[in-house]
Amino acid sequence: MKDEGFILKRVIVVNILILLMFAGISYWSQEKEKLETAVSEQAQEQLLEASGTEEEKSAEEQKQDAKEEEEPEQPTGTEEPKKDYIKWVDFGVSKFALAEAYEYDRDSYGTPEHLSWIDLLAYTAAYTGGNFKDNQTVCQHMDHLKEQISQGEELGKIVKDLEYFSYYQEAYGAVLGGMVGEYEIEVPTGDKKKPKTWEKRYGLKAFHPIARGFPYNDYDDFGASRSYGYKRNHLGHDMLGQIGTPIIAVESGYVEALGWNQYGGWRIGIRSFDKKRYYYYAHLRQGFPYQPELKEGSVVLAGDVIGYMGHTGYSTTEDTNNIDETHLHFGMQLIFDESQKDGDNEIWIDCYQLVNFLYRNQSEAARNDDTKEWRRIYLMKDPAAEAYERTADYSMYP
């Protein structure tokens with residue numbers, strides 16, 4: 001009986017332990033499910049939060065990218081924006097085309113049909129590629145533009161889709177910009193008591209570089225070879241004449257260079273008031289090259305006598321005649337940016353046709369026997385010079 005009781009107790013204990021084990025397993029299984037569910041929900045929340053953050057970040061990045069596309073990066077204070085300006089001009093306008101354009105400009109001034117000669121030339125060049133060799137073609141294009149303007153059409157609309165018009169307009173404007181406009185000049189009256197009077201005009205206010213009545217010879221020698229010092233091209237126009245021939249300021253401006261240069265000898269450099277043109281007059285007379293009152297900064301007017309023809313130059317020694325033939329070297333440099341003034345990017349144009357056109361407007365000069373200087377006979381008032389103060393010692397002006 002004792003063994004049976006003992007066995008019965010053991011069975012009961014084992015059963016109780018088994019029940020407790022199953023109860024524990026069931027409890028912890030339920031707790032595990034709760035824990036996994038909680039963890040899963042938390043993970044989903046974190047994933048959603050992370051996903052939302054990435055979406056927001058992506059949107060911000062997209063906005064920034066779009067902003068950078070719309071607003072280019074601005075240069076810093078140490079960087080300079082690149083300048084856009086004309087680097088080269090091939091001025092091939094003929095004397096005929098210059099005359100045709102100028103005469104229409106002058107004759108139509110003050111009327112609704114008025115056109116600047118620069119616009120006429122630029123319009124023609126846009127069709128011909130700057131070629132002015134065929135006079136008939138030149139007339140056809142100019143007449144077509146004149147007709148459109150006479151019918152009331154606006155120039156801006158006419159040339160709106162005309163490729164290269166704006167380029168030629170700027171380029172030819174740089175060459176011819178100061179040569180036509182309003183001015184006053186003395187003219188003869190035929191009255192001995194009052195031999196001269198002032199007259200207001202619109203037209204050509206630029207002059208030929210050699211005074212009226214003085215002979216010279218020339219040909220188109222632009223680009224010819226030169227060898228003194230180093231091999232190079234001739235970037236000017238030579239006009240052969242007599243020693244002492246009065247040299248005339250083509251356009252009003254101020255003296256930017258004056259003195260000796262081993263290549264040009266005694267020379268004068270005159271800058272236009274708009275700074276687009278630099279006129280170079282070289283190989284002036286030995287001993288008495290230019291008017292004594294001239295100095296750097298002096299203001300001169302178109303038509304003034306500025307110097308005298310000679311054959312100085314090709315020497316490092318001042319006042320040396322080392323040029324074989326007496327002549328004026330006349331050059332015109334275009335400047336669209338000041339960096340082009342001196343250096344490897346200079347723009348010198350062939351001004352042979354222009355000089356021949358200017359022959360229609362020569363300045364008359366008279367000699368002072370006491371000083372042996374030549375002075376212009378008929379004075380001029382140029383509105384372009386009014387903003388500039390004349391030098392006090394420039395005695396030819398009252």
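Being a predicted model, the structure only gives us computed values, none of them experimental. Hydrogens, waters and symmetry mates play no part in the numbers below; they use all other heavy atoms, side chains included.
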Review point. Would a distance-only check, ignoring hydrogens and angles, find a side-chain to backbone donor-acceptor pair under 3.5 Å from Asn131 to Thr128?
Key: no
**Study point:** Minimum heavy-atom distance between Ala171 and Ile86, given as atom pair plus value
**Key:** N-CD1, 4.0 Å
Study note, to complete from the structure: With Glu251 as partner, the option from Arg277, Lys276, Lys205 fulfilling salt bridge (Lys or Arg N to Asp or Glu O under 4.0 Å) is Arg277
Review point. Salt bridge (Lys or Arg N to Asp or Glu O under 4.0 Å) with Glu199: which residues, sequence neighbours excluded?
Key: Arg201
Point to revise | Side-chain heavy-atom pair Lys381, Glu386 within 4.5 angstrom cut-off | key: no
Exercise for review: Quick one: which residue pairs count as a salt bridge (Lys or Arg N to Asp or Glu O under 4.0 Å) with a foot in residues 139-150, not counting sequence neighbours?
Suggested key: Asp143-Lys146
Point to revise | Set of side chain to side chain contact (heavy atoms under 4.5 Å, CB included) partners for Asp90, sequence neighbours left out | key: Trp88
Point to revise | Set of ring-ring contact (aromatic ring centres under 6.0 Å, His included) partners for Phe288, sequence neighbours left out | key: Tyr308
Check your understanding: Taking Glu373 for the side chain and Pro292 for the main chain, is one N or O donor matched with an acceptor at less than 3.5 Å?
Key -> no
Review point. Can you name the residues that form a ring-ring contact (aromatic ring centres under 6.0 Å, His included) with Phe207, not counting sequence neighbours?
Key: none
For residues 156-163, tabulate all N or O donor-acceptor pairs below 3.5 Å that involve a side-chain atom, not counting sequence neighbours.
none

Review point. Would the number of heavy atoms belonging to other residues, nucleotides or ligands and lying under 6.0 Å from CD of Glu154 be above 12?
Key: no
**Study point:** Within 45° cone of Phe273 ring axis and under 6.0 Å: Lys275 NZ or CZ
**Key:** no
Practice item. Provide the full list of salt bridge (Lys or Arg N to Asp or Glu O under 4.0 Å) pairs with a residue in residues 185-196, sequence neighbours left out, each pair given once. Key: Glu186-Lys196
Check your understanding: What residues, two or more places apart in sequence or in another chain, satisfy ring-ring contact (aromatic ring centres under 6.0 Å, His included) together with Tyr279?
Key -> none
Practice item. Compute the ring centroids of Tyr172 and Phe91, then answer whether they are less than 6.0 Å apart. Key: yes
Review point. Shortest non-hydrogen contact from Ala97 to Phe132?
Key: CB-CD2, 3.5 Å
Exercise for review: Check whether any side-chain N or O of Lys87 sits under 3.5 Å from a backbone N or O of Tyr85 as a donor-acceptor pair, and report yes or no.
Suggested key: yes
Exercise for review: Indicate yes or no for a side-chain donor-acceptor contact from Asn322 to the backbone of Tyr314 under 3.5 Å, with no hydrogens or angles considered.
Suggested key: yes
Check your understanding: For Tyr290, what residues pass the ring-ring contact (aromatic ring centres under 6.0 Å, His included) criterion, not counting sequence neighbours?
Key -> none
**Study point:** Donor-acceptor under 3.5 Å (Asn368 side chain, Thr371 main chain)
**Key:** yes
Exercise for review: Taking the six-membered ring for Trp and the full ring for Phe, Tyr or His, determine whether the centres of His208 and Tyr216 are under 6.0 Å apart.
Suggested key: yes
Check your understanding: Is there a donor in the side chain of Gln140 and an acceptor in the side chain of Tyr127, or the other way round, less than 3.5 Å apart?
Key -> no
Donor-acceptor contacts, no H, no angles, side chain residues 354-367, under 3.5 Å, sequence neighbours left out:
unit_1, atom_1, unit_2, atom_2, d
Asn356, ND2, Tyr352, O, 2.8
Arg360, NH1, Glu103, OE2, 3.4
Arg360, NH2, Glu103, OE2, 3.2
Asn361, ND2, Leu204, O, 3.4
Asn361, ND2, Ala206, O, 2.7
Gln362, NE2, Ile210, O, 3.3
Ser363, OG, Gly303, O, 2.8
Arg367, NH1, Asp369, OD1, 3.0

Exercise for review: Looking only at non-hydrogen atoms, find the nearest pair between Leu121 and Leu98 and report the distance.
Suggested key: CD1-CD2, 4.0 Å
Check your understanding: What residues join Trp348 in its hydrophobic cluster, counting side-chain heavy atom gaps under 4.5 Å, either direct or through other members?
Key -> Phe222, Leu235, Tyr278, Tyr280, Ile335
Practice item. Applying side chain to side chain donor-acceptor pair (under 3.5 Å) between Trp266 and each of Asn261, Asp319, Thr312, Thr320, report the one that passes. Key: Asp319
Study note, to complete from the structure: salt bridge (Lys or Arg N to Asp or Glu O under 4.0 Å) filter on Asp337, not counting sequence neighbours, yields Lys83
Review point. What heavy-atom pair brings Ala249 and Ile306 nearest, and what distance separates the two atoms?
Key: CB-CG2, 3.9 Å
